[in-house]
Structure formats: structure tokens, C-alpha cells
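The block underneath contains the structure these notes are about, expressed in C-alpha cells.
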Amino acid sequence: MYKRVVDIHQSPPNTQVIARGWVKTRRNSKEIQFVQLSDGSCFQDIQIIFQNDKFDSDTLKKVTTGACIEVHGDLIESPAAGQNVEIQARGLSIYGEADQEEYPLQKKGASFEFLREIAHLRCRTNTFGAVSRVRSEVSWAVHQYFRDRKFQYVHTPIITASDCEGAGEMFAVSTNLTHETGQYVLKDQDPAQDFFAKPAFLTVSGQLEAETLALGLTNVYTFGPTFRAENSNSARHLAEFWMIEPEMAFCDLKQDMNLACDFLQNLIKHVLNYCPQDLEFFQKRIEPDLIQTLEHVAHAQFEYMTYSEAIKHLKDSDEHFEYPVEWGCDLQSEHERWLTEKKVGRPVVLYDYPKDIKAFYMRLNDDDKTVAAMDVLVPKIGEIIGGSQREERLDVLKAKMKSQDLSEDVYWWYLDLRRFGSAPHAGFGLGLERFIMYVTGMKNIRDVIPYYRCPRNVDF
RNA sequence: UGCCGCAUAGCUCAGCGGUAGAGCAGCUGACUGUUAAUCAGCGGGUCCUAGGUUCGAAUCCUAGUGCGGCAGCCA
């Protein structure tokens with residue numbers, strides 16, 4: 001009976017099994033060969049034993065690193081250390097060979113930089129198999145978490161006409177461009193002749209649309225791709241990334257922050273529960289003390305700190321900062337890292353930021369100087385969540401938009417929310433890839449998504 | 001986008017003015033249980049591109065391209 005490798009490891013010995021997968025390594029001697037077979041279902045490979053005299057030698061020669069094979073045989077208790085069970089092969093067929101002169105993956109580890117060049121094959125490595133399983137489990141956990149709390153999963157548009165929150169440079173979406181001659185040519189200068197009859201873009205956030213849905217459906221969340229055309233070349237930024245954005249009616253900043261923390265802890269617990277072998281691998285090869293740190297963070301109360309308190313701590317510290325700290329300034333990453341890594345030593349929630357450094361839709365506090373915004377910062381990654389209570393008062397919102405030169409004509413529907421049945425509401429955005437980095441210890445965001453998109457790179 | 005660094009065999013790198021090296025991988029063989037197996041042998045290179053300096057450049061200089069690190073933008 002065909003079983004996935006993860007199920008084979010759970011099966012009782014002395015039964016017949018069929019395994020299918022890709023050969024990771026082969027060790028051979030005169031009479032016997034050992035093959036490590038992987039199918040992505042779990043971290044552990046299954047070891048296959050071939051007695052050379054029982055197989056056609058030409059077929060057996062094709063069982064090389066990278067080849068795809070099917071094996072049937074007896075699942076037995078392994079007489080040697082390293083695995084509990086193994087398959088004593090009786091039958092073998094080759095799905096696809098892999099020429100050893102050409103196949104780029106070897107038994108030995110390859111650099112992440114090299115693996116990025118062969119992204120179509122890297123899911124066969126230990127690291128990327130583990131990343132992929134964690135990513136999948138986290139995605140399931142996101143849906144489970146919100147479903148359990150009666151949130152609706154909503155789909156906000158990917159193509160949008162609104163420059164949203166000015167969250168970043170946007171990719172234009174147009175049918176007005178041809179490049180038949182190898183050069184870009186504009187078919188028509190007039191946006192009215194374009195597909196949407198006006199400029200359109202890939203979304204930088206589904207937040208504004210999610211707000212409209214929350215004011216009617218109460219609790220909603222989005223989970224989808226997001227696009228930023230910033231020319232940012234860093235280990236923490238992608239041009240295409242996945243974001244989870246819950247939006248809740250009848251919710252203030254405090255409740256928003258509490259949900260964000262509970263959500264993060266729930267996701268961490270889920271990964272600890274469902275991916276223990278993958279986490280052990282990450283701890284061994286990528287990030288020492290990973291599991292202990294995650295266990296701690298999963299249960300410890302997050303540190304809540306106002307922006308003003310953070311400024312005070314930063315000014316009182318002996319640490320030398322490249323950028324000076326003053327109330328009203330944007331925190332640089334050196335400041336954020338000091339707060340979360342040195343001052344507190346675990347995730348920190350900063351809130352009540354100066355109004356002048358935050359977006360127009362964030363709710364003005366009674367002090368008239370700060371807005372109900374919050375960021376969750378984690379060690380080594382920095383900002384992982386950004387959120388706020390939204391401005392639900394029409395007059396205040398209009399004044400804010402005017403001061404930032406935002407057109408009421410474009411955001412008429414957003415303003416309508418404040419005219420018809422407005423309510424306090426709040427939400428946040430969690431960057432999926434940043435969370436995966438945090439939970440796996442991976443150092444570059446390009447290595448936690450199958451195919452990364454960043455400046456000068458749309459291969460595959 | 002700014003600053004810094006790197007680019008040599010399939011991979012990871014050494015060589016840093018005198019004409020190409022190692023380890024691993026690959027190939028061939030040996031080996032009755034391996035776990036990144038081990039042992040022996042063999043093949044493998046426009047030294048990123050284009051200019052320049054020099055009797056001579058992988059090596060020095062300039063530009064370009066690509067990649068990486070840090071910063072910024074943020075999630």
C-alpha cells in the first residue's frame with residue numbers, strides 16, 4: 001500500500017509498504033545499497049535497503065541523488081542506529097532519472113545564495129522542506145485561529161485604484177504597454193483609454209477595504225499577497241509578500257494589541273506542536289536556542305510600552321546610537337533592536353506614536369499629539385506587526401486628510417463609512433514571511449518563500 | 001537608493017604581477033549495515049564582462065554587470 005513517508009514512519013513493522021519520492025543520498029557497497037528517500041511529508045527521510053543481487057544492475061544504477069523512484073518492500077525495524085524503521089526493498093521502478101553530471105544538488109550543504117539560483121529545486125533540501133512545512137502549518141493555524149473566533153475570511157482586491165495609505169511605491173497595472181520590439185511602447189498617453197479607464201495598481205494593503213467589511217460583518221481578516229515596488233534591497237523586504245490583516249469593529253487599541261499578542265503566541269504554539277522535527281533542525285543548523293526561545297515567548301506576557309516610554313528608555317541608556325533620539329522622531333532599527341533585544345529581551349509592543357509620523361487613518365488620541373498606533377517588534381527581525389485603531393470620526397478624519405493633501409474624491413467610499421453607521425474599529429497587519437523568519441531563525445526573507453520577488457529578480 | 005565587500009572547477013574557497021590549486025561533488029574501481037559512509041585512481045577552468053597599466057594581469061587601475069552585508073522604506 002502506497003503511503004507518504006510521514007505515515008510510513010508511523011506504520012507497524014513487518015508490513016508491506018510502497019514509497020514514492022526523491023533520492024536524497026545513496027551509499028553503496030558490494031552487496032548492499034542504502035538510499036535516503038524523501039517526499040516532503042516530514043523532515044525524516046525513509047531509508048531503503050537494496051540487496052544488489054535482487055535487482056537488475058542497470059535499473060539500480062539509476063537510483064541516484066535527485067532521481068524519483070517508487071519502491072515496494074517490507075517495512076522492518078532497523079538493525080542499525082539512526083532510524084527506527086527502514087524498507088527492505090523487493091521492487092523498484094524509476095519515475096525520473098537525474099544525471100549526476102548535471103544535477104546541481106549534492107549530499108553536502110549548499111549556500112543559500114546558490115540555492116536561490118536553483119529555486120525550482122531547493123524544496124528538495126532539508127532546509128527548504130522544513131521551511132515549506134512550517135509555512136504551510138502557519139497558514140493553516142491562521143485560518144483556524146480566526147475561524148475559532150468567528151472572524152470571516154474576506155478577499156480584498158489585488159488590483160486597486162487607490163493609493164491606499166501611501167504605504168509604499170506601487171506597481172502599475174496596465175494593458176497600455178507593449179514591448180514587441182524589445183522596448184517599451186505606450187499605446188496611448190491617455191489613462192482613460194487604458195483597461196480600467198484610469199490608473200490602477202497592485203495593492204499594498206487590503207486594510208481600507210477590510211475596514212469596509214468589518215463595518216458590516218464585525219470581525220474579518222484577509223490573508224493574501226501584497227505588493228510594494230520600493231527599491232529596497234534588504235534581508236527583510238520582498239516586493240511580493242503575504243500579509244494577514246484582521247479588522248475588528250467595536251475594538252480599541254488595547255484590544256487590538258491583546259489580540260495581536262494572543263495571535264502570535266497561538267501561531268508559535270501551533271508550530272511547536274506540529275513541526276517539532278523541523279524546529280529541531282532549525283535549532284541545530286540555523287539558530288541555537290530557537291525552541292527554548294519560542295517556548296518562552298509562547299507563554300510570556302509581551303512587554304507593552306508607549307512610544308514616549310520607549311524614548312525615555314532610549315535616552316536614559318548608555319548605548320551609543322548612530323541616530324540621536326528625540327520625542328517625535330521615527331525610531332530607527334538600531335533603536336528598535338535595542339529595545340526588543342537588550343532592554344526587554346523578547347517581543348515588545350510599542351504604542352501611542354506621534355501623529356506626525358503615522359498614517360492618516362490612525363485614531364487621534366485625546367492628547368492631540370499621538371495616535372492609537374502600535375507596532376510589535378521581535379528580536380533580530382524588527383517590526384513584525386503594525387496596526388492601529390482607525391479614526392472613526394468623520395470631521396477628524398477629514399481634517400487629517402486635508403492636512404496630508406489626500407483627495408476626498410478618491411476616498412469617498414472610505415469617508416462614507418464614517419457617515420453611515422460608523423463605529424470604533426481597529427486592526428493590524430502581520431507579515432507572514434517575517435513571522436516565518438522569526439519562528440525558523442532563517443536570516444533572509446528570500447529563503448522563506450518558494451519564489452521571491454525583489455528588485456531585478458523575477459526569475460522562475 | 002546610499003555605503004562597504006565579493007566575483008577563480010558543478011559547489012565552497014585558496015592563490016593577490018611570472019602563465020591554475022585544494023576540499024567536496026562527479027566518473028572508475030574496492031568494500032557485507034551505511035547515516036554528510038570509507039579507501040584508491042581519473043577527468044574537470046575564456047580566473048564575471050569591456051577597456052587600461054605592464055615585457056608579462058586571475059592578481060594593479062577604471063567602468064559595467066551580478067551577488068552579499070549594513071542603512072533607509074516597511075510587513
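Because only heavy atoms are used, hydrogens play no part in the values below, and waters and symmetry mates are left out as well, while side chains stay in. Each chain gets a letter, A, B and so on, in the order its sequence line appears, and its residues count up from 1.
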Problem set entry | Below 4.0 Å: OP1/OP2 of G69(B) and any side-chain N or O of Asn444(A) | yes
For this session: Determine whether the side chains of Ser11(A) and Lys3(A) contain a donor N or O and an acceptor N or O closer than 3.5 Å.
Result: yes
For this session: Flag this pair as yes if the NZ/CZ of Arg116(A) is under 6.0 angstrom from the six-membered ring centre of Phe112(A) and inside a 45 degree cone about the axis; otherwise no.
Result: no
For this session: Return no unless some side-chain N or O of Gln332(A) is found under 4.0 Å from OP1 or OP2 of G72(B).
Result: yes
For this session: Would you indicate, yes or no, if G72(B) has its OP1 or OP2 atom less than 4.0 angstrom from a side-chain nitrogen or oxygen of Ser232(A)?
Result: no
Exercise. P atom, G10(B) versus G52(B): distance in rounded Å?
Worked result: 29 Å
For this session: Indicate, yes or no, whether a donor-acceptor pair under 3.5 Å links the base of G33(B) to the side chain of Glu86(A).
Result: yes
Exercise. If we take the P atom in both A22(B) and A14(B), what is their distance in whole Å?
Worked result: 16 Å
Exercise. Using the C1' atom in both, what is the distance from G33(B) to A25(B), to the nearest Å?
Worked result: 24 Å
For this session: Measure distances between side-chain N and O atoms of Gln83(A) and base N and O atoms of U34(B), and say whether any donor-acceptor pair falls under 3.5 Å.
Result: yes
Exercise. Which value, in whole Å, describes the distance between the P atoms of nucleotides C47(B) and C67(B)?
Worked result: 22 Å
Exercise. Donor-acceptor pair under 3.5 Å: do we get one between Gln47(A)'s side chain and the base of U34(B)?
Worked result: yes
Exercise. When you check the glycosidic angle of U46(B), does it come out syn, meaning within 90° of 0, or anti?
Worked result: syn
Problem set entry | 5' priority, RNA chain B, between Pro455(A) and Ile49(A) [closest heavy atom] | Ile49(A)
Exercise. When rounded to the nearest Å, what value does the distance between P atoms of A20(B) and C48(B) take?
Worked result: 15 Å
Problem set entry | C1' atoms of U49(B) and U65(B), separation to the nearest Å | 7 Å
Problem set entry | Separation of the C1' atoms in G44(B) and C24(B), to the nearest angstrom | 14 Å
Problem set entry | Nearest-angstrom distance, C1' atom, C31(B) to G41(B) | 15 Å
Exercise. With respect to the phosphate group of G68(B), does any side-chain polar atom (N or O) of Arg446(A) fall under 4.0 Å of OP1 or OP2?
Worked result: yes
Exercise. Side chains of Tyr414(A) and Glu211(A): is there a donor and an acceptor less than 3.5 Å apart?
Worked result: yes
Problem set entry | Donor-acceptor side-chain pairing of Gln16(A) and Asp74(A) below 3.5 angstrom | yes
For this session: Would you say whether Phe34(A) stacks on A37(B)? The test is a distance between ring centres of less than 5.5 Å and an angle between planes of less than 30°.
Result: no
Exercise. Starting at the 5' end of RNA chain B, which residue's closest nucleotide do you reach first, Asn231(A) or Pro104(A)?
Worked result: Asn231(A)
For this session: Using a 4.0 Å heavy-atom cut-off across all strands, classify Ile244(A) as base, sugar-phosphate, or nothing.
Result: nothing
